[in-house]
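So you know, we letter chains A, B, ... as the sequences are listed, proteins then strands, and number each from 1. Hydrogens, waters and symmetry mates are skipped; everything else that's a heavy atom, side chains included, is used.
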Amino acid sequence: MATGTTSSKAAAATRSSAGGSRRNGTPASTEAGRPTRRLVIVESPTKAKKIAPYLGRDYVVESSVGHIRDLPRGAADVPAKYKGESWARLGVDVDNSFAPLYIVTPEKKGKVTELKDALKGVDELLLATDPDREGEAIAWHLLDTLKPKIPVRRMVFHEITEPAIRAAAENTRELDQDLVDAQETRRILDRLYGYEVSPVLWKKVMPKLSAGRVQSVATRLIVQRERERMAFVSAEYWDIAATLDAGADASPRRFGARLVSVDGTKVATGRDFGPDGQLKTTDGSVRVLDEASARRLAEALDGRDLTVSSVESKPYTRKPYAPFMTSTLQQEAGRKLRFSAERTMRSAQRLYENGYITYMRTDSTTLSESAIQAARSQARELYGDAYVSPSPRQYTRKVKNAQEAHEAIRPAGETFRTPGEIAREVEGDDFRLYELIWQRTVASQMADARGTTMSVRVTGTAATGEETTFAASGRTITFPGFLKAYVETVDDQTGGLADDAESRLPELTQGQAVTATELNPDGHSTNPPARYTEPSLVKALEELGIGRPSTYASIIKTIQDRGYVWKKGSALVPSWVAFSVVGLLEHHFGRLVDYDFTAAMEDELDAIASGTQARTDWLSGFYFGAAQGTEGSVARAGGLKKLVGVNLEEIDAREINSIPMFGDVVVRVGRYGPYLERVVDGTSQRANLPDDLPPDELTAEIAEQLFAVPAEGRVLGTDPVTGNEIVAKEGRYGPYVTEILPEPAEAESSNGTKKKAAAKPKPRTGSLFKTMTVETVTLEEALRLLSLPRLVGIDPESGEEITAQNGRYGPYLKKGTDSRSLTSEDQLFTVTLDEAVEIYKQPKQRGRRTAAATPPLRELGKDSATGKPMVIKDGRFGPYVTDGETNASLRKGDSVEEITDERASELLADRRARGTAPKKTTARKAPARRKAPAK
DNA sequence: CAGTGAGCGAGCTTCCGCTTGACTT
């Protein structure tokens, strides 16, 4: 595709090339004879400061500070002229070639003004944003927003050294429109996915939830792991741990070995069992040793002769690890320093800004020439020539979707400062992180570690006649090489056996006799797969090619903020809501949460970037469904728009929010949190689930215990009058207090009297006032609430009782079927009969009651459309503007004090354009309110 | 998940990926 896909972009592209006065190179000077002045725009302010001196006085270097424009975040950001459009909610005109609506991000308006000013004094603009898809897009947005009337060129560099920067300024190119297209397509896909699927969750699970290409897969990984843990059956197996003695001359004299086979049959170890607790093989080639057999065998071996039956040794070499990129830095800082991803990045940002390290958001492990030399000379200085790799090492990438716009993360500069040298300036997290980065970088240019691995078999015949074999393995490092500088920490789940741990064996020869000094039967059980931690999740996401260096930390934050995941120590534990959401997505949007969806998307975006795939066709396939013969797996996702519509109709919210456990016990995700439910004798029984109970710890026994706890809630104390316990709880209608009635006496229920006699008295209840919370309400307040309704007196006219009560809409008076609202909750306890009678003399007000009582917050001028005067009033949903006929709420960013007549008219016009709000009847299936299942 | 009596102007929630201050206590 040679032309831009949107008209504005095509125009911008034309402008940029037609405006340039030379096709190659850049003008050396202006016609007036003074040197050409150029404005260079990079993304990061720190980078701008760094490269300015390299370029000299004829260059002005500024930064965009990331993206300057984006799709509108929500309705409030959509310019008035597009408000009424059907696609305004998405910010993408899906029926018109998916034309995006871009707005300058509100907080970047000042930045755009600054850049426009900077443009005034120069003769040429160099767009030096990062050399990747996002950077190319930022460059285009700058071009399209600043609309420069001078030549514009694209400048790219991968490392920040003076020669690299000077060369980049000399060898500029034009903007790559296809690459910009690829970014725009990615952006639109993510918007459509997120903004179409999230509302399905609001209606079917809970408001404010979210779905997205990245977060939904991250959540699914964590849920999937928890499911594996829940289904896991542990297996028990035994072996024998022996301590063997190789004689007084051996060094070390004693070494450990483990029983591996009996009569030629392998003894089962953890690896031989599946997640169901059964052996993976059933052909008899593996035998499970139980405790009794292990003990018997250990006894039968006591004092028997043992012989070394085989000795194998192999040379061992190990290469250093690649220098850090964002993901590996987060993983290692997580494992070694116990930093969260966010903490690592905060610290790295400080180190970067203060010039200690190179850029910290990178997916590259490449070191610049000078960095390689710096690392080598530092290694030489510290450890000697022998420890430096014979030739410079360059590490190539093996991770999906790398864009490699930057270098690896390493100490900054042409020579590295050792941790000791910066210890006075840098402390705390920053120092520890620097030390880690420094070690890893230096180690990456060091020599391989070398040594020998040995494996030894020792055999012996038990007194009972069985032939037994023990095995031992060890590693001798003869030359540590890079290990002298850096040892990587492995994940906890491998059982703490660090790969580089050295366990030494004595020199042994075949046929040599050894004796057992200890023979200990040893019991083990298999463990479920470990939960994800921040480091292991980042690793998994990176391997799937999901997320970018700048987003790993925020992905973890997002899935926690949405309530999908919580942290227990360092483990990431999924919530029950996550089970519902992931279940919904898997069943109804399966393709969208496939682990290879992003990988397929990236391949197809590459095709767009190389000009072989048309953007609009591809998005159309994704959103409207694949046209006949359309290629591409993303397009085959099934037509998102239709899928959303069908799913809104068909998804049964009750089913989606029910997670079957064991027996007939179901976890249900309700509006007010998760609870257990089961049907006993035709009635459903429920129990709250504690917030801090991980799903895999919910066993049948624990479920029984939870069902056995009657009504929980915060115990406030005892009612001095009745002796009943008073508790505060969260209920379907909000927080309330109630009393726990004593169980009916034993004798009555067991003597065969009719059930009628056992009719339970109902406990008193009372909603909390708005000023109270379950956490803070006192016993005294609770007793007052329970004393309601209060009899105010008898209406002298009708003879009816007038009572004061607290209800759904607040405090009110009730006389038969006639009611009147009270203005304060306090009046429930203070209003007198005379006052009540007075209130009843007023006719029942229809909604104007509050309006009449409270004057408008502010009066405005006349509405430009109707000519009627406008006023701001305070309503149930906050302040709104009205002309007496149409009402419109103030939006985010509007304030009562500052709103102008124009803005008020705009809101009213907008409201009129939308017409009356549609009645909410369909698709609003509040799961908690649907009737119980027939069973 | 407690069961109580109106009538009336809702609008917003949400995505991913680039980047840092400007705010308040």
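Distances from the side chain of A:His67 to the nucleotides B:dC12, B:dC18, B:dC15 place B:dC18 closest. Of the candidate nucleotides B:dT20, B:dA2, B:dC15, B:dT20 has the atom nearest to the side chain of A:Glu353. Each of B:dT13, B:dC15, B:dT4 was ranked by its minimum atom distance to the side chain of A:Tyr812; first place goes to B:dT4. The side chain of A:Thr551 lies closest to B:dG17, out of B:dC15, B:dT4, B:dG17. Listed nucleotides B:dT14, B:dC15, B:dT19 differ in distance to A:Pro199; the shortest reach to its side chain belongs to B:dT14. Comparing B:dG21, B:dG17, B:dT14 by their nearest atom to the side chain of A:Gln215 picks out B:dT14. Of the candidate nucleotides B:dT19, B:dC16, B:dC18, B:dT19 has the atom lying nearest to any side-chain atom of A:Arg361. With B:dC16, B:dC18, B:dT14 as the candidates, the nucleotide lying closest to the side chain of A:Ser198 is B:dT14. Comparing B:dT19, B:dT14, B:dA2 by their nearest atom to the side chain of A:Ser210 picks out B:dT14.
Map A:Glu107 and A:Ile555 each onto its nearest nucleotide of DNA chain B; the residue landing nearer the 5' end is A:Ile555. Nearer the 5' end of DNA chain B, as judged by each residue's closest nucleotide, is the contact made by A:Gly74, out of A:Arg69 and A:Gly74.
A:Glu134 pairs in a side chain to side chain donor-acceptor pair (under 3.5 Å) with only one of the listed residues (A:Arg548, A:Gln403, A:Arg186), which is A:Arg186.
With centres under 5.5 Å and a plane angle under 30° as the test, the ring of A:Trp202 is not stacked against the base of B:dT14. In this structure, A:Tyr195 forms an aromatic stack with the base of B:dT14, since both conditions hold: centre separation below 5.5 Å and plane angle below 30°.
Neither side chain, A:Tyr552 nor A:Gln330, offers a donor N or O lying under 3.5 Å from an acceptor on the other. Side chains of A:Arg562 and A:Ser210: a donor-acceptor N/O pair is present below 3.5 angstrom, by distance only.
A:Leu209 comes within contact range of the sugar-phosphate backbone alone, with a heavy-atom separation under 4.0 Å but no base atom that close. Nucleic acid contact for A:Tyr352: sugar-phosphate only, since backbone atoms but no base atoms lie under 4.0 Å from a heavy atom of the residue. At a threshold of 4.0 angstrom between heavy atoms, the contacts of A:Gln349 are confined to the sugar-phosphate backbone, with no base atom among them.
In this view, A:Ser63 satisfies the side chain to side chain donor-acceptor pair (under 3.5 Å) rule with no residue, not counting sequence neighbours.
Protein atom NZ of A:Lys557 is 15 Å distant from nucleotide atom C1' of B:dT14, rounded to whole Å. Computed from coordinates, the A:Asp77 CG to B:dC15 P distance equals 14 Å when rounded to whole Å. At whole-Å resolution of the value, CD1 in A:Ile188 and C1' in B:dT14 are 17 Å apart. Residue A:Lys108 contributes atom NZ, which lies 11 Å from atom C1' of B:dG17 at whole-angstrom precision.
In terms of phosphate contacts, A:Tyr736 brings a side-chain nitrogen or oxygen within less than 4.0 Å of OP1 or OP2 of B:dA2. Here A:Arg562 reaches the OP1 or OP2 of B:dC15: one of its side-chain N or O atoms lies under 4.0 Å away. Dashed line: the shortest gap from a side-chain N or O of A:Arg213 to OP1 or OP2 of B:dC16 is not under 4.0 Å. In terms of phosphate contacts, A:Gln805 brings no side-chain nitrogen or oxygen within less than 4.0 Å of OP1 or OP2 of B:dT4. The phosphate of B:dT19 has neither OP1 nor OP2 within less than 4.0 Å of any side-chain N or O from A:Ser44. Contact between the side-chain N/O atoms of A:Ser550 and the OP1/OP2 oxygens of B:dC18 is found at a separation under 4.0 Å.
Interface remark: the A:Arg187 side chain does form a donor-acceptor pair with the B:dC15 base, using a distance-only criterion of under 3.5 Å. Below the 3.5 angstrom threshold, one finds no donor paired with an acceptor across the side chain of A:Arg548 and the base of B:dC18.
Pairs of Watson-Crick or G-U wobble type, with distances under 3.5 Å, never assemble into runs of 3 or more in DNA chain B.
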